[in-house]
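Throughout, protein chains are lettered first and strands after them, A, B, ... in sequence-line order, and every chain is numbered starting at 1.
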There are 2 protein chains.
Amino acid sequence: MKKVSEPTVGRLSLYLRVLTELGESGVGTVSSEELARRAGTTAAQVRKDLSIFGTFGKRGLGYPVDALTEELRRILGLGRRWRVALVGAGRIGRALFGYQDFRRQGFYIEAVFDRDEAKVGQEWNGLVVRSDAELEKALAEEEIDIVIVAVPAEAAQGVVDRVVRAGVRGILNFAPVKLHVPPDVALKTVNMAVELESLSYALANGLAVSRRRGRANRE
Amino acid sequence: MKKVSEPTVGRLSLYLRVLTELGESGVGTVSSEELARRAGTTAAQVRKDLSIFGTFGKRGLGYPVDALTEELRRILGLGRRWRVALVGAGRIGRALFGYQDFRRQGFYIEAVFDRDEAKVGQEWNGLVVRSDAELEKALAEEEIDIVIVAVPAEAAQGVVDRVVRAGVRGILNFAPVKLHVPPDVALKTVNMAVELESLSYALANGLAVSRRRGRANRE
DNA sequence: CGTCCCTTGTGAAACCATTCACAATCAACC
DNA sequence: GGTTGATTGTGAATGGTTTCACAAGGGACG
């Protein structure tokens with residue numbers, strides 16, 4: 001299989017969402033054009049992305065919605081239950097815990113940690129907030145696959161180091177810092193400050209940010 | 001001035017954060033190398049990024065921390081107060097409202113909207129949740145610069161269309177869909193589902209996602 | 001004030017993702 | 001079963017970002 005770029009993987013998620021909707025409304029087949037329109041990209045891009053993993057379409061017809069949905073779920077590793085732990089029971093942590101829309105895709109929060117003793121012991125929807133001190137032990141016991149880091153910026157790298165040492169290979173970081181992990185650990189960062197400041201830049205500078213192919217500031 | 005790419009603007013935010021920290025600990029000068037290390041990129045990248053906006057460093061010495069901090073704040077448009085509105089008072093909306101770490105950079109939430117009449121009228125930290133029906137009028141009255149969209153996926157495009165028609169030029173979207181806006185509107189999307197599914201892909205496929213220059217899955 | 005060492009700024013090269021363009025293929029219909 | 005119209009899959013072209021590599025410049029110190 002060819003190399004798969006990060007942007008491609010991101011788009012697969014978007015395709016999957018669109019396909020799921022289409023499937024629910026009973027559509028049997030989509031063209032790359034329609035799929036692209038709904039996912040916010042181009043038909044050529046859709047075909048390129050999918051062709052990396054195999055040939056799923058029929059020329060002259062398009063892609064079979066249900067089969068492609070299944071295929072993408074398999075490719076993205078969504079066929080299983082992912083065990084997630086949340087480190088940091090502050091505002092962001094609580095919000096993520098409350099949201100949990102991602103349960104539908106198989107991401108289940110199985111443990112919550114905080115270093116504030118006042119929060120430890122609180123019961124969140126049947127789950128007891130655990131002490132930071134138990135982190136390593138509990139990650140192993142609960143067989144956690146993915147850790148969500150929702151601690152203050154200063155504490156984030158420390159948490160990540162411990163979590164990595166405990167064997168976790170997937171990290172989703174909400175702290176507004178660049179974190180360092182070994183090459184065999186997957187790290188994704190959601191940095192709201194960066195997003196807001198990009199908006200600020202765009203607004204302050206007359207939206208002069210260059211986008212690929214002059215598609216200006218669309219997404 | 002040359003064209004400024006999206007990734008470059010994002011990195012400026014990161015540089016700014018690092019510089020602020022350095023300034024607070026009394027450091028007077030940084031090399032591109034040190035700045036790069038702390039921001040998670042390369043020295044050459046730092047120099048290229050900064051050189052777009054001018055020459056701020058001294059050869060043989062490095063960059064003056066305080067002066068560069070000010071310069072970046074100016075470039076990013078952080079010298080003023082940005083008036084932000086939050087549309088959607090659900091879990092995510094509430095979390096963002098509670099977080100508000102970004103106040104420090106001048107982003108102030110001045111209004112909250114929801115279409116659920118049960119939420120309308122609630123007082124959030126001195127701010128009354130307003131009805132969705134007032135949206136257009138209130139955006140103009142409050143001179144809102146940036147709207148944060150925190151509504152369900154199905155409702156997001158509708159909200160965006162109204163907000164754009166009301167003259168808002170900056171949108172930060174948390175709904176898990178690709179949104180369409182005219183070229184003169186800046187849109188940034190934070191899609192947690194995509195991030196989680198990218199992690200899932202990486203974990204399920206032995207971290208085989210190609211990153212630029214084989215830097216594998218670091219960030 | 002000359003030499004040395006360090007670090008910037010930047011043109012050129014390398015690299016990678018996206019877009020183009022078209023041959024190959026399939027269903028449908030007569 | 002041939003013809004038509006549509007759409008995929010993909011090699012080549014394009015365009016943009018990152019990295020390289022080095023000349024230019026500046027401070028420090030003798």
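- Nearest nucleotide to the S32(B) side chain, out of dG27(D), dA17(C), dT8(C): dT8(C).
- Here the P atom of nucleotide dT19(D) and the CG atom of D49(B) are 10 Å apart, to the nearest Å.
- When distances run from any side-chain atom of R47(A) to the nucleotides dA17(C), dG9(D), dT17(D), the shortest one goes to dG9(D).
- Listed pair Y63(B) / dG26(D) fails the phosphate criterion, with no side-chain N or O lying under 4.0 Å from OP1 or OP2.
- Between Q45(A) and dA17(C) there is no side-chain polar atom (N or O) within less than 4.0 angstrom of OP1 or OP2.
- Residues R169(A) and D145(A) are not paired through a salt bridge, judged by the lack of any N-O separation under 4.0 Å between the basic side chain and the carboxylate.
- A straight line from CZ of F53(A) to C1' of dG9(D) spans 15 Å, rounded to a whole angstrom.
- Using a 4.5 Å heavy-atom cutoff, the side chains of L14(B) and N191(A) are in contact.
- Classified by interplanar angle (parallel below 30°, tilted 30° to 60°, perpendicular above 60°), the ring pair F107(A)/W82(A) is parallel.
- Considering only side-chain atoms of T55(B), the nucleotide from dG9(C), dC20(D), dA17(C) that sits closest is dG9(C).
- One atom, CG of L35(B), and another, C1' of dG9(C), lie 15 Å apart when rounded to the nearest Å.
- Between R59(B) and dA23(D) there is no side-chain N or O to OP1 or OP2 distance below 4.0 Å.
- Here dC16(C) presents its C1' atom at 9 Å from NZ of K3(A), a figure rounded to the nearest Å.
- Taking atom CG on L68(B) and atom P on dT7(C), their separation rounds to 16 Å, with Å as the unit.
- In this structure, the nucleotide among dT19(C), dA17(C), dG27(D) sitting nearest to the side chain of L61(B) is dG27(D).
- Here dT18(C) presents its P atom at 13 Å from CD of E6(B), a figure rounded to the nearest Å.
- Taking atom CD on E33(B) and atom P on dG9(C), their separation rounds to 15 Å, with Å as the unit.
- OP1 or OP2 of dT19(D) lies within a sub-4.0 Å distance of a side-chain N or O belonging to T42(B).
- Spacing between atom NZ of K48(A) and atom P of dT14(D) amounts to 15 Å, rounded to whole angstrom units.
- Taking the charged nitrogens against the carboxylate oxygens, E110(B) and R83(B) do have a contact shorter than 4.0 Å, which makes a salt bridge.
- A 4.5 Å side-chain heavy-atom check between P176(A) and V194(A) finds every atom pair outside the cut-off.
- For S31(A), the listed nucleotide lying nearest its side chain is dT8(D); candidates were dG26(D), dG9(D), dT8(D).
- Comparing G57(B) and K58(A) along DNA chain C, the residue whose closest nucleotide (by nearest heavy atom) sits nearer the 5' end is G57(B).
- Using a 4.0 Å cut-off, some side-chain N or O of R11(B) falls inside it from OP1 or OP2 of dT18(D).
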